[in-house]
S.K.: 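Okay, here's the structure, questions in a sec.
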Amino acid sequence: ETGVTQTPRHLVMGMTNKKSLKCEQHLGHNAMYWYKQSAKKPLELMFVYNFKEQTENNSVPSRFSPECPNSSHLFLHLHTLQPEDSALYLCASSQGRRGQETQYFGPGTRLLVL
Amino acid sequence: RKEVEQDPGPFNVPEGATVAFNCTYSNSASQSFFWYRQDCRKEPKLLMSVYSSGNEDGRFTAQLNRASQYISLLIRDSKLSDSATYLCVVAPSGGYNKLIFGAGTRLAVHP
C-alpha cells in the first residue's frame, strides 16, 4: 500500500555494532526525511534531504550518519549507539517544494539497542 | 513550552459519539497545519490539512484559530475504526518541509 518502504522492520543491536537502515520511495519525490519516535514522545525530525542535499540536521549525535545517494534512497548508518536510542525510526518523503505538502511515511524500523 | 501541545487522552467514547480534540502551537508565524492519524504500531498518515476558513471531510471537521494559536478536530458519529492516535502537526514559516509534531491524542471508540 505504501509508496515508502523501509528495511529492516526490526533490528536488535549491541552498543558496539554497526548497522544501517534503508529507506526507498517509489513516489517520484525529491525530499526525504528521517524521524525518531520514542514511546510517549512526539516524532522528532532528525534529517531532511532535498534533491539529495542535506538541508536539515536537527542536532543529531554523530553516531547517526545519514546518506542519500539519490532522490529515491535514504540510509541511516548507526554505530556505537546507546540504549536510549531504542525507538521507532521512520522515513518519509514528499514532493520537495516549499510550503504546504504532504509527507508520506514508511512503516518504520523498530530498533532495540542492548 | 512545547512547540505543539495536545491532550494525550485517552478519549474513550461509544460508537456514534462526537469527540473533539484540541491543539495549541507556540510559533505565531507558523504557516501550515495538519492532522495526521497513527494506528497502533503503524506509520502516521495524513488525515486532513487545516485551513483558516475551516474545512470538512465527511465526518471530520478541522478548525484553525490563528489569533489563539489553536487547532481543533471534530469527529462526528464515531466508528470503531476511528480508534487511533491523532497527531497535530504544524509547519513553521520559511525553510523547506519542516513539520513539528504534537505527541498525539489517543482515541478509543468502543461498541
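Letters A, B, ... are given to chains in the order of the sequence lines, protein chains preceding strands, and every chain is numbered from 1. Values in this document were obtained by computation on a predicted structure and should not be read as measured data.
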S.K.: Decide if atom CZ of B:Arg37 counts as having more than 12 heavy atoms of other residues, nucleotides or ligands within a radius under 6.0 Å.
M.R.: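 Count over threshold, so yes.
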S.K.: What's the shortest heavy-atom distance between B:Phe101 and A:Pro42, and which atoms?
M.R.: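 Taking B:Phe101 first and A:Pro42 second, the nearest heavy atoms are O-CB, 3.3 Å.
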S.K.: Is it true that B:Phe60 and B:Leu64 fall in one hydrophobic cluster, defined by side-chain heavy atoms closer than 4.5 Å?
M.R.: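 Shared cluster, yes.
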S.K.: If hydrophobic clusters are built from ILVMFWY residues whose side chains come within less than 4.5 Å, do A:Val60 and A:Leu81 share one?
M.R.: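 Yes, because A:Val60 and A:Leu81 connect within a single hydrophobic cluster, where side-chain heavy atoms sit under 4.5 Å apart.
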S.K.: What part of A:Leu43 lies closer than 4.5 angstrom to a heavy atom of chain B: side chain, backbone, both or neither?
M.R.: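 Contact with chain B: backbone and side chain both.
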S.K.: Within the 3.5 Å criterion, strictly below it, is a donor on A:Gln37 or B:Gln38 matched to an acceptor on the partner's side chain?
M.R.: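 Yes - a donor-acceptor pair under 3.5 Å links their side chains.
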S.K.: Grab the two heavy atoms, one from B:Tyr36 and one from A:Gln103, that are nearest each other, plus how far apart they are.
M.R.: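 Distance-wise, the nearest heavy atoms are OH-N, 3.1 Å.
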S.K.: Do the side chains of A:Leu114 and A:Leu21 join up, straight or via other hydrophobic residues, at under 4.5 Å, putting them in one cluster?
M.R.: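 No, separate clusters.
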S.K.: To the closest 0.5 Å, what do you measure between OG (A:Ser94) and CG (B:Leu46)?
M.R.: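 Between A:Ser94 OG and B:Leu46 CG, I get 12.0 Å after rounding to 0.5 Å.
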S.K.: Begin from the C-alpha positions of B:Lys98 and A:Val48 and carry the test side-chain contact (heavy atoms from CB on, under 4.5 Å) through to its verdict.
M.R.: CA-CA 8 Å; B:Lys98 184 172 179 177; A:Val48 181; 5.9 Å; no
S.K.: Do A:Trp34 and A:Phe75 share a hydrophobic cluster (ILVMFWY, side-chain heavy atoms under 4.5 Å, transitive)?
M.R.: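 No, A:Trp34 does not connect to A:Phe75 through the hydrophobic network.
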S.K.: So which of B:Pro44, B:Gly104, B:Ala103, B:Pro8 has the biggest tally of heavy-atom pairs under 4.5 Å with chain A?
M.R.: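 Maximum pair count with chain A is reached by B:Pro44.
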S.K.: Please find the pair of heavy atoms, one from B:Glu43 and one from A:Pro107, that lie closest to each other, and give the distance.
M.R.: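 Answer, listing the atom of B:Glu43 first, then A:Pro107: OE1-CA, 3.6 Å.
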S.K.: Check whether more than 12 heavy atoms from other residues, nucleotides or ligands sit under 6.0 Å from atom CD of B:Gln69, and answer yes or no.
M.R.: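 Counting neighbours around CD of B:Gln69, more than 12 heavy atoms of other residues, nucleotides or ligands fall under 6.0 Å, so yes.
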